[in-house]
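Quick notes on the structure that follows.
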2 protein chains.
Amino acid sequence: MPVSIEDVARKANVSISTVSRVLNRRNLVNARTRQRVERAIKQLHYRPNIFARGLMLQKSEMVGLVLPDLHGEFYSEIIRGANQEARELGYNLVISSAKDSDDTQSLLEGIQQRSFLDGVAIMVSEVTGGMQELLVDFAVPFVVLDGKVDGAMHDSVVIDQGEGARAMMRHLVNTCGMQRVFFVGGLRTNVDTIARLEAHQQVLSEAGIEHGPLDIYHLDYEYDTAYALATDNIHDWAGPNRCVFAANDEMASGIVDAAAAAGVAIPDDLGVVGFDDTRVARITRPPLTTVRVPMFRMGAEAIRLLCARVADPMCHPTAISLHPQLVIRKSCKCELDA
Amino acid sequence: MPVSIEDVARKANVSISTVSRVLNRRNLVNARTRQRVERAIKQLHYRPNIFARGLMLQKSEMVGLVLPDLHGEFYSEIIRGANQEARELGYNLVISSAKDSDDTQSLLEGIQQRSFLDGVAIMVSEVTGGMQELLVDFAVPFVVLDGKVDGAMHDSVVIDQGEGARAMMRHLVNTCGMQRVFFVGGLRTNVDTIARLEAHQQVLSEAGIEHGPLDIYHLDYEYDTAYALATDNIHDWAGPNRCVFAANDEMASGIVDAAAAAGVAIPDDLGVVGFDDTRVARITRPPLTTVRVPMFRMGAEAIRLLCARVADPMCHPTAISLHPQLVIRKSCKCELDA
DNA sequence: TTGAAAGCGCTAACAA
DNA sequence: TTGTTAGCGCTTTCAA
């Protein structure tokens, strides 16, 4: 049923090598012969078998993108960026996502196992021991998004989380005059949360503002849990020159809505700021002051780096650092509007 | 460098067929031999070459998901559903997206060309002539999400758009007592928009409410353009027993925010309802009355159908219809709360 | 400029 | 239960 290179050769009255040449190195073939072959290809609707091809060439022209989760705009922007870049470079993009890090690990094991990808871009929200071990001698070329794997040589695209979080904290403390900043993060082990919390602590210390562990909460990046937490605590939090720094916009939005439901005015009674600058930040009332993370670009750069490495597996590892940007809106009680 | 089945055979002192059997039909091999082979496999870190395998089996165990766009939660839920189902069925999922229908078409041509996918789930936001022609004799098994391609035999998973839109319209007219309902849709050619508009017209006619083409707007499903449109028209729209039916939540949210900015109270001066029940609907103030579309399930069902067809290409085409659900919140001025 | 032929690594039919 | 062997469809020397 499927038409093979041999059928084309027969139809065009040439050998299969000639057909192959027309396909891959057209200039080595006489123009008239080439035309004949091309006509045969068209007439027979011939399509090279990708497996046979891969078997010879040992490459699939496919690269993967492994994400910890697919929820929300944050990831879809990464995907869009990666997708665009991959198509531009002539690669197909295979996207997979996992529920948690165990799942991510088994996914990566599967990829290594089947090794049908020329390379893979990996985003790990937390690097577990097993994951680290796996990646240290991973058989497939890879780049890491927004993270680093100790002991493994790899390219990476990171967001300078600290820079963004410090910019936010300094804005809150210096410009808005906040005297107490609660922190609502994701899981304790999440790398982004860790970086953001570090900035929180550092800036408070620098400013000589007392702060204790009781002002720190760890949730799961979700609107609902943040809403619930805020409902329980909103009256304790509220007060002049007080603010909540949530580690993403979703949670910030949940807190804002819980405040509204409890009659606490944002930002007058309490400031609430987020992180990521997703659409949620703009739609929340009041719109959230947040930190814009170049997600689309992160996806695109990751694929660019990855394809470069696939082309030259021995090239020196590159680390690209992308800079977040403070976006000031209406939820932090300062006079600036951006 | 790469270790092949032959290396394993040598190491385990068996023939390559025995190794192959251990890999594929373990029970045909003597237990002791099997252990020896398995140990060799482990020691050598052997992984079967997927191309050689595909060359024999003519299948890749990969299925594709082609989406018109990757923007927003709507698509990410489909992806999540598809991803979960694919992994459950032992398939890898390849996701691609295109900017417009020309782009979708070239993507599909590429898939057919390279034919490395066992099957593909396709979501077309508008079926152009070229697309239809392409799909009528598409070489790769496929199922269509939320649409239908005339002349082509295919499985499909559709959302009963009409049912959802009619439920919404009847609610607006019968329960909320709306006397005039503006319609803000996506592109004129978009299949969802067409179905929703049809319901709009039908219910108004049934209720004996006059309605003209001037009450119908076609935008692009985006927050910003809806915001702009609403800013220009909000005072004309506002009035007792009037309502805007936007074809998605994003646009509804833009209209609500524009109204707030213009001092028009929602829902008192104007009702605004959306479609899809994305997170935006809940976060908008007031929260949007909308229609929940089972996106996750649509993705999962599509992959289920697809894999069934891959397993048995001759099986009878199935059409699954998924039912949307009216979600009543605070933006439509009725006494019901859900 | 073209063709013949040797694999790439695997599965499966057939033989032992 | 195991081994031998013939391809799967392609690219790529090497020879003509």
Side-chain angles (χ1 to χ4, degrees), chain A residues 1-41 44-62 90 112-118 139-140, chain B residues 1-41 44-62 90 112-118 139-140:
Chain A
M1 155 96 220
V3 17
S4 81
I5 196 171
E6 207 171 335
D7 301 314
V8 177
R10 195 162 23 234
K11 176 127 195 160
N13 246 302
V14 294
S15 73
I16 60 166
S17 349
T18 300
V19 177
S20 176
R21 279 190 206 102
V22 169
L23 256 28
N24 304 300
R25 308 128 80 94
R26 348 177 0 97
N27 47 326
L28 291 187
V29 180
N30 176 295
R32 289 233 332 260
T33 317
R34 190 168 72 213
Q35 285 190 341
R36 224 164 358 115
V37 172
E38 276 164 349
R39 212 148 45 87
I41 288 178
L44 295 175
H45 291 109
Y46 167 69
R47 294 188 305 272
N49 180 308
I50 194 168
F51 298 111
R53 198 155 213 253
L55 188 51
M56 283 305 297
L57 268 30
Q58 300 296 4
K59 54 194 305 256
S60 62
E61 267 144 11
M62 292 196 280
Q112 174 169 246
Q113 179 67 32
R114 323 176 110 221
S115 64
F116 62 93
L117 296 178
D118 292 345
V140 180
Chain B
M1 157 97 219
V3 19
S4 79
I5 196 171
E6 209 171 334
D7 302 312
V8 177
R10 196 163 22 232
K11 176 128 193 159
N13 248 304
V14 295
S15 74
I16 60 166
S17 356
T18 300
V19 178
S20 176
R21 280 191 205 100
V22 169
L23 257 28
N24 303 301
R25 309 129 80 93
R26 349 176 2 98
N27 48 326
L28 292 187
V29 180
N30 176 296
R32 289 232 332 259
T33 318
R34 189 168 72 211
Q35 285 189 341
R36 222 161 4 110
V37 172
E38 276 164 349
R39 211 150 42 88
I41 287 178
L44 295 175
H45 292 108
Y46 166 69
R47 296 187 303 273
N49 180 309
I50 192 164
F51 299 112
R53 199 156 213 250
L55 188 52
M56 282 304 299
L57 269 31
Q58 298 297 3
K59 56 193 303 256
S60 62
E61 266 144 12
M62 291 195 279
Q112 176 168 246
Q113 178 68 31
R114 324 176 107 221
S115 61
F116 63 93
L117 296 178
D118 293 345
V140 180

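Since the model is a prediction, treat every value here as computed from it, not as a measurement. All chains are named by letter (A, B, ...) in the order of the sequence lines, taking the proteins before the strands, and each is independently numbered beginning at 1.
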Between [X] ([atom1]) and [N] ([atom2]), how many Å, whole number?
X      : N      : atom1 : atom2 : answer
A/E6   : D/dC8  : CD    : C1'   : 11 Å
B/R53  : D/dG9  : CZ    : P     : 18 Å
B/F51  : D/dT11 : CZ    : P     : 13 Å
B/Q58  : C/dC10 : CD    : C1'   : 12 Å
A/M56  : C/dC10 : CE    : P     : 15 Å
A/N24  : D/dT13 : CG    : P     : 12 Å
A/F116 : C/dC8  : CZ    : P     : 24 Å
A/E61  : D/dT11 : CD    : P     : 11 Å

Any side-chain heavy-atom pair from B/Y46 and B/K11 closer than 4.5 angstrom?
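The answer is no, as the side chains (C-beta and beyond) never meet within the 4.5 Å cut-off.
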Counting C-beta onward and ignoring hydrogens, is there a side-chain heavy-atom pair between B/V14 and B/V37 closer than 4.5 Å?
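The answer is yes, as the side chains (C-beta and beyond) meet within the 4.5 Å cut-off.
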When you look at CD of B/E6, are more than 12 heavy atoms from neighbouring residues, nucleotides or ligands closer to it than 6.0 Å?
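Count not over threshold, so no.
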Is the distance from OP1 or OP2 of D/dT11 to the nearest side-chain N or O of A/S20 less than 4.0 Å?
yes
Here's a test for you: under side-chain contact (heavy atoms from CB on, under 4.5 Å), which of A/I41, A/L44, A/N49 qualifies with A/V3?
A/L44
Could you give the distance from [atom1] ([X]) to [atom2] ([Y]), rounded to the nearest 0.5 Å?
X     : Y     : atom1 : atom2 : result
A/D7  : A/H45 : CG    : NE2   : 14.0 Å
B/T33 : B/E38 : OG1   : CD    : 10.5 Å
A/I16 : A/R21 : CD1   : CZ    : 10.0 Å

So, does A/R36 use its side chain to make a donor-acceptor pair with the main chain of A/A12 at under 3.5 Å?
yes
With respect to the side chain of A/I5, which nucleotide from D/dC10, D/dG7, D/dG9 is positioned closest?
D/dC10
Of the nucleotides C/dC10, D/dT11, D/dC8, which one has an atom closest to the side chain of A/L23?
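That would be D/dT11.
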Identify each atom pair where a protein N or O and an N or O of nucleotides 2-5 of chain D are less than 3.5 Å apart, giving names and distance.
unit_1: D/dT2; atom_1: OP1; unit_2: B/T33; atom_2: OG1; d: 2.2
unit_1: D/dT2; atom_1: OP2; unit_2: B/N30; atom_2: N; d: 2.8
unit_1: D/dG3; atom_1: OP2; unit_2: B/S15; atom_2: N; d: 2.9
unit_1: D/dG3; atom_1: OP2; unit_2: B/S15; atom_2: OG; d: 3.2
unit_1: D/dG3; atom_1: OP2; unit_2: B/T18; atom_2: OG1; d: 2.7
unit_1: D/dG3; atom_1: N7; unit_2: B/R21; atom_2: NH2; d: 3.2
unit_1: D/dG3; atom_1: O6; unit_2: B/R21; atom_2: NH2; d: 2.4
unit_1: D/dT4; atom_1: O4; unit_2: B/S17; atom_2: OG; d: 2.9

Establish, from distance only, whether the side-chain atoms of A/N24 and A/R53 form a donor-acceptor pair under 3.5 Å.
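The criterion, which ignores hydrogens and geometry beyond distance, is satisfied for A/R53 and A/N24.
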Using five pairs at each end of the helix from C/dT1-D/dA16 to C/dA16-D/dT1 to define an axis, what is the angle between those two axes, to 10°?
40°
